[in-house]
Amino acid sequence: MLSHSLPARAVTLLRDADVEYALGRLAQPILNAAGLPSGSVKVVVIRDSSLNAFVIDHQHIFIHSGLLLKMQTADELQAVLAHEAAHMANGHIAQRYANARFSNTISGLGVALAAAAAASGADPRAAGALSLGVGSSASRVFMSHTRAEESSADNSAIRYMLSAGADPQAMVDLLNIFRGQELLNQSRQDPYARTHPLTRDRLRAVQAQVTAAQAKPGKTDEADYWFARAQGKLSAFLRAPSWTLRRADASPTKDIALLRQAVAYHRQPDTAKALATMDKLLAMRPDDPYLHDLHGQILLESRRAEAAVAAYGRAAALAPRNALILGGQGRALLAAGQPKRALQVLEQARARDFSDARVLRDLATAYAKTGNTGMASLVTAERYALTGRLKDSQIHAKRAADLLPRGSAPWLRSQDVLSAAEAHASKRK
Ligand SMILES: [Zn+2]
């Protein structure tokens, strides 16, 4: 699990291959029911203890770690995902932000993340949102849904839950968590109450629909497993190790208990115990790429780069298309003094997820170490653009444009960054 501060430290994404895979497993039946193309929507965790979940484009459902840890059951989490999926499927996302081209460029993603920061309750000015062209009033307008949209999203969400075999009563439980918040002063509300206005009418309508629904108990142990694993790993990284070690044995399965313990020992840090626990865990699930990924992280952070290369290599062999695992493998290769091989792997990671600032940082190092300063400057420029530091991005993009062959694909990328930086500069005048 790695923290990425984006942009300008206002919003921190918690990127973890295991947690994202688990959330994907929970989201899949919901997204299918919503008719959203399979594999097109990613659930991403924001490090924030307040309660919120929101969508800003058709590719991501953002959920605060606080809300994820607050959920009691897989069904409650699926209720959150179903409601957000319904906002997507029912066309509630402002067209400006839904433009696919827009959200698939570095500068476009910067705007999306600045908007995410604004939705998280961060000061949009601190988030660089204003400088990227998202005014605070504009972001508030586009982030919060109307009451009509809320009702329509609830209505669809309950249908998705029924078709996914989740208990729709969880939607009522979810709304009850937020009940009464609209009476609170805005500063004391969870941001969810602002982005998803809740009224007593809305709660009543949901209750009526759930009561009328013939809920078939099609729920699977599988959903419970992935929910417990995502929550267990997230809490092991976010809470004190002592908190985790007191509770790990209460996990629903032995492997989740070991996973939580391994992370807690690693964070103490007690590397010997962490690695011994990992060995037991890997013996139980030898073909689980996400456990090899964690093994690699523990080894790398314990300065055992060679062993980390092997662990990440195993993870990558089991999940060859996972950008986060490839990123870890590349990082381990760099640490082990293999920049050439690292470069290949990190380029694969970047091709699958251009928005990972950590990969861009490592990639720039790999290019610099292999003597390609033009590419090192380009990737650095892209990383700054992504994190909202457009002035810095401009300096590096200019350097890259001077060094790269004019008209080549990388040179064109440097021009993209330059025009984003110029657009930003002219907006500020
Ligand atoms: Zn909503």
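One-based numbering, in listed order, for ligands and for the atoms of each.
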Worksheet entry | Whether Q231 side chain and M71 backbone form a donor-acceptor pair below 3.5 Å | yes
Practice prompt. Could you tell me how the ring of Y384 sits relative to the ring of H396: parallel (under 30°), tilted (30 to 60°) or perpendicular (over 60°)?
Written response: tilted
Side-chain polar contacts of residues 346-353 - donor-acceptor pairs under 3.5 angstrom, sequence neighbours left out - could you list them?
unit_1, atom_1, unit_2, atom_2, d
E347, OE1, R350, NE, 3.3
E347, OE2, Y367, OH, 2.4
D353, OD1, S355, N, 3.0
D353, OD1, S355, OG, 2.6
D353, OD2, R15, NH1, 3.2
D353, OD2, R15, NH2, 3.4

Discussion item. Is it the case that over 12 heavy atoms from other parts of the model lie below 6.0 angstrom from the CZ atom of R247?
Written reply: yes
Worksheet item: Counting only protein N/O/S, how many atoms fall short of 2.8 Å from the Zn ion (ligand 1)?
Response: 5
Discussion item. If you apply the rule side chain to side chain contact (heavy atoms under 4.5 Å, CB included), what do you find for V43 with L81, and how did you get there?
Written reply: CA-CA 9 Å; V43 185; L81 300 175; 4.0 Å; yes
Worksheet item: For the residue pair H83 and Y192, does the interplanar ring angle fall in the parallel (under 30°), tilted (30 to 60°) or perpendicular (over 60°) class?
Response: tilted
